[in-house]
Amino acid sequence: MIFNKNKKFTDHDRAKEMAIYIAYCPETEMLIETTHEFSPTGVATVKTFSYTNGLTQIKYNKWIVENAKLATEMKLPGYEKHNHLVQGSAVRILSKRFDHIFNFYGEDAKDIINACEQNRLLEILIITNNLQR
């Protein structure tokens with residue numbers, strides 16, 4: 001983040017920085033679950049990603065296609081949604097420290113997701129059955 005002396009550093013900004021820091025911590029626990037809040041679209045289903053460290057939790061919903069490469073080659077319905085945040089949803093930071101829930105969209109959401117998934121890519125691929133044989 002570029003420092004701008006005219007812009008106040010808000011709790012929303014602090015929550016994003018804290019989430020990115022927590023995402024890189026090796027003791028942060030990751031859980032990926034299939035959610036039934038959203039109906040599948042073709043071969044795409046929604047998985048809820050949760051990262052927990054102490055009193056802070058990061059959660060978001062993404063479309064996942066098992067064996068995505070094969071689905072893409074076959075142009076199965078829903079393949080185009082793979083690895084995208086569910087439209088209209090947010091990355092949510094639940095923090096006891098701030099006693100608040102923060103929602104992030106757009107580039108802020110992408111920054112947090114990238115931080116969360118960067119060091120856990122192999123584990124995520126195994127859990128979501130996206131390793132190519």
Side-chain angles (χ1 to χ4, degrees):
M1 180 178 289
I2 298 173
F3 180 71
N4 180 347
K5 66 180 179 177
N6 297 324
K7 181 181 182 255
K8 287 189 174 187
F9 198 67
T10 65
D11 282 348
H12 197 261
D13 298 322
R14 287 182 185 87
K16 179 182 174 186
E17 283 201 348
M18 181 180 62
I20 289 172
Y21 170 77
I22 286 170
Y24 286 109
C25 291
E27 61 272 2
T28 298
E29 296 176 10
M30 180 183 71
L31 176 66
I32 301 174
E33 300 176 293
T34 300
T35 182
H36 301 289
E37 288 179 44
F38 305 93
S39 298
T41 300
V43 292
T45 58
V46 176
K47 304 255 186 213
T48 299
F49 290 68
S50 300
Y51 302 85
T52 307
N53 187 318
L55 301 174
T56 303
Q57 183 180 55
I58 304 165
K59 281 184 106 167
Y60 55 89
N61 295 314
K62 276 178 70 172
W63 290 101
I64 299 293
V65 174
E66 291 188 9
N67 298 313
K69 186 176 178 182
L70 182 60
T72 302
E73 289 170 2
M74 295 175 69
K75 300 220 183 295
L76 296 175
Y79 78 90
E80 69 284 349
K81 291 182 173 281
H82 177 63
N83 215 24
H84 290 278
L85 194 62
V86 173
Q87 187 173 0
S89 70
V91 173
R92 295 174 307 282
I93 310 296
L94 297 82
S95 174
K96 298 257 182 184
R97 176 179 178 202
F98 296 109
D99 195 30
H100 190 73
I101 298 172
F102 296 94
N103 293 312
F104 294 89
Y105 301 93
E107 288 303 313
D108 287 336
K110 284 183 187 177
D111 292 344
I112 295 167
I113 290 170
N114 289 340
C116 288
E117 295 180 2
Q118 186 172 19
N119 293 326
R120 295 179 170 87
L121 187 56
L122 181 60
E123 188 178 357
I124 290 168
L125 291 174
I126 292 169
I127 292 171
T128 61
N129 194 24
N130 279 299
L131 288 179
Q132 303 305 313
R133 293 170 180 37

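Throughout, numbering of the chain's residues begins at 1 and tracks the sequence.
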By side chain to side chain donor-acceptor pair (under 3.5 Å) - contacts of Q87 (at least two apart): none

Non-neighbouring partners of Y105 that pass side chain to side chain donor-acceptor pair (under 3.5 Å), sequence neighbours left out: none

Worked verdict on F49 versus I64 for side-chain contact (heavy atoms from CB on, under 4.5 Å): CA-CA 11 Å; F49 290 68; I64 299 293; 4.1 Å; yes

Side-chain heavy atoms of [X] within contact of [Y], under 4.5 Å:
| X | Y | value |
| --- | --- | --- |
| Y51 | E117 | yes |
| T72 | H82 | no |
| K16 | I112 | yes |

Non-hydrogen atoms of A19 and I58 that approach each other most closely: O-CD1, 3.6 Å

Derivation and outcome, side-chain contact (heavy atoms from CB on, under 4.5 Å), residues V65 and K81: CA-CA 8 Å; V65 174; K81 291 182 173 281; 5.8 Å; no

Counterpart residues, side chain to side chain contact (heavy atoms under 4.5 Å, CB included), relative to H100 (two or more places apart): F98, F102

Euclidean distance, N61 CG relative to S50 OG, rounded to 0.5 Å: 8.5 Å

Separation between CG of D99 and CG of L94, rounded to the nearest 0.5 Å: 11.0 Å

Shared hydrophobic cluster for I93 and L55 (ILVMFWY, side-chain gaps under 4.5 Å): no

F38-V91 co-clustered via ILVMFWY side chain contacts under 4.5 Å: no

Contact list for residues 32-44, test side chain to side chain donor-acceptor pair (under 3.5 Å), sequence neighbours left out: T34-K47

Listed partners of R14 passing salt bridge (Lys or Arg N to Asp or Glu O under 4.0 Å), at least two apart: D11

Short side-chain to backbone donor-acceptor contact, H12 and N103, under 3.5 Å: yes

Identify each donor-acceptor pair in which a side-chain atom of residues 24-32 lies under 3.5 Å from a protein atom, sequence neighbours left out, and give them as a table.
unit_1: Y24; atom_1: OH; unit_2: Q118; atom_2: OE1; d: 2.7
unit_1: T28; atom_1: OG1; unit_2: I22; atom_2: O; d: 2.6
unit_1: T28; atom_1: OG1; unit_2: C25; atom_2: O; d: 3.3
unit_1: T28; atom_1: OG1; unit_2: N53; atom_2: ND2; d: 2.9

